[in-house]
2 protein chains.
Amino acid sequence: MVQYFRPPLDASFAALSDTTRRGVLEQLGRSDASITELAEKFHMTLTGMKKHVGVLEQAGLVTTEKVGRVRTCKLGLRRLEEEAAWIERYRQLWDARFDELDKVVEELKRKEKADGRKKRK
Amino acid sequence: MVQYFRPPLDASFAALSDTTRRGVLEQLGRSDASITELAEKFHMTLTGMKKHVGVLEQAGLVTTEKVGRVRTCKLGLRRLEEEAAWIERYRQLWDARFDELDKVVEELKRKEKADGRKKRK
DNA sequence: TAAATACTGAACCACATGGTTCAGTATTTC
DNA sequence: GAAATACTGAACCATGTGGTTCAGTATTTA
């Protein structure tokens, strides 16, 4: 819970690596909610949900405000831009890498053919 | 390390939540590498790197093959499509949500003005 | 065949995670 | 003012994480 400092991408990807927390984000995308409401929706104790919200808050994905006895949770400022960008970059790398491998395979096939011809000659 | 079963998004986001592992993916995007090579590049013991590769492998992000005494690591089949899609969907939710809030704020401002006029009347 | 290389598995460490219960405190509500 | 509500913090639990060391095994190389 303390999590003194983690690179932001580490923290947000870690926050996203739990089904419940992704669900909470989706829920908050539809409407703000109190800890109690979230705990009920996700079949969990208040304390348990509070911890999840804490993780999301640390990652900048959620902000909360307590008014009276109710703490209301909303989406935070982080819009997953860096995360989307990292993944996009990776996908480009991946595509390039597999294209390259395809070329190598093609090259091998061509050589094989040439070899076959040589041998047959 | 065992990780019997985790929803795929859980596993891949968890795999991405570590700087070293993201680095390994970027490296493998440039060229395949042995465990030893990766361990050196990331200043870590062989055993330590082997664990990271294990996590990436479980998440489908890396595949490995051992030939002789060398285990070679390459990018796996998972291209982060579901991950990109989840994040994209979230960003749309986020935008919609904040547009909505903007409207609410506008509405409040308009009412305030109207109230002001009433009181002054 | 001896030595070097490359990995592997077990065991350990400190700390994080995802949950719980229990015992509060602060705020409403009746 | 008593009771209900909403949260909070501490403590606990089992398991996971990110690393290590140490003691192997298997494969090359000289």
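Predicted model, so just to flag it, every value in this text is computed and none were measured.
- Residue contacts for Leu46(B): at a heavy-atom cut-off of 4.0 Å it reaches a base atom on one of the strands shown.
- Candidate nucleotides dG19(C), dG18(D), dT20(D) were compared by shortest atom distance to the side chain of His52(A), and dG19(C) ranks first.
- The main-chain N or O of Ser34(B) is found under 3.5 Å from a side-chain atom of Glu37(B) such that the two form a donor-acceptor pair.
- Between Arg22(A) atom CZ and dG18(C) atom P there is a gap of 11 Å when expressed in whole angstrom units.
- Here dA23(C) sits opposite dT8(D) as a Watson-Crick or G-U wobble pair (both hydrogen-bonding atom distances under 3.5 Å).
- Atom-to-atom, CD of Glu40(B) to C1' of dT5(C) comes out at 12 Å; the value is rounded to the nearest Å.
- When each of Lys66(B) and Met44(A) is assigned the nucleotide of DNA chain C bearing its nearest heavy atom, the one mapping closer to the 5' terminus is Lys66(B).
- Between Arg97(A) and Asp32(B), at least one side-chain nitrogen of the basic residue sits less than 4.0 Å from a carboxylate oxygen of the acidic one, meeting the salt-bridge criterion.
- The distance between atom NE2 of His43(A) and atom C1' of dG18(C), rounded to the nearest whole Å, is 17 Å.
- As rounded to whole Å, 18 Å separates atom P of dA6(C) from atom CD of Glu65(B).
- Mapping Glu37(B) and Arg21(A) onto DNA chain C via the closest heavy atom, the residue that lands nearer the 5' end is Glu37(B).
- The shortest distance between the side-chain N/O atoms of Lys50(B) and the OP1/OP2 oxygens of dA6(C) is not below 4.0 Å.
- Using cut-offs of 30° and 60° for the angle between ring planes, the Trp86(B) and Phe13(B) rings count as perpendicular.
- Base pairing analysis places dA14(C) opposite dT17(D); the two distances defining the Watson-Crick or G-U wobble pair are each below 3.5 Å.
- Put simply, NZ on Lys41(A) and CE on Met49(A) are 10.5 Å apart, with the number rounded to the nearest 0.5 Å.
- Whole-Å rounding puts the Ile35(A) CD1 to dT5(D) C1' distance at 14 Å.
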Checklist entry - What string of B, S and - do you get for nucleotides 22-30 of chain D, 5' to 3', if B is base contact, S is sugar-phosphate-only contact and - is no contact with any protein heavy atom under 4.0 Å? => result B----BS--

Item to check | Audit row: Thr64(A), Thr72(A), side-chain contact (heavy atoms from CB on, under 4.5 Å) steps and yes/no | outcome: CA-CA 5 Å; Thr64(A) 72; Thr72(A) 300; over 6 Å; no

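- The backbone N or O of Ala14(B) lies less than 3.5 Å from a partner atom in the side chain of Arg21(B), making a donor-acceptor pair.
- The NZ atom of Lys51(A) sits 10 Å away from the C1' atom of dC13(D) (whole-angstrom rounding).
- Interatomic distance, Leu9(B) CG to Asp18(A) CG, rounded to the nearest 0.5 Å: 11.5 Å.
- Here the C1' atom of nucleotide dT17(C) and the CG atom of Leu56(A) are 14 Å apart, to the nearest Å.
- Atom CD in Glu57(B) sits roughly 10 Å away from atom P in dT8(C) (whole-Å rounding).
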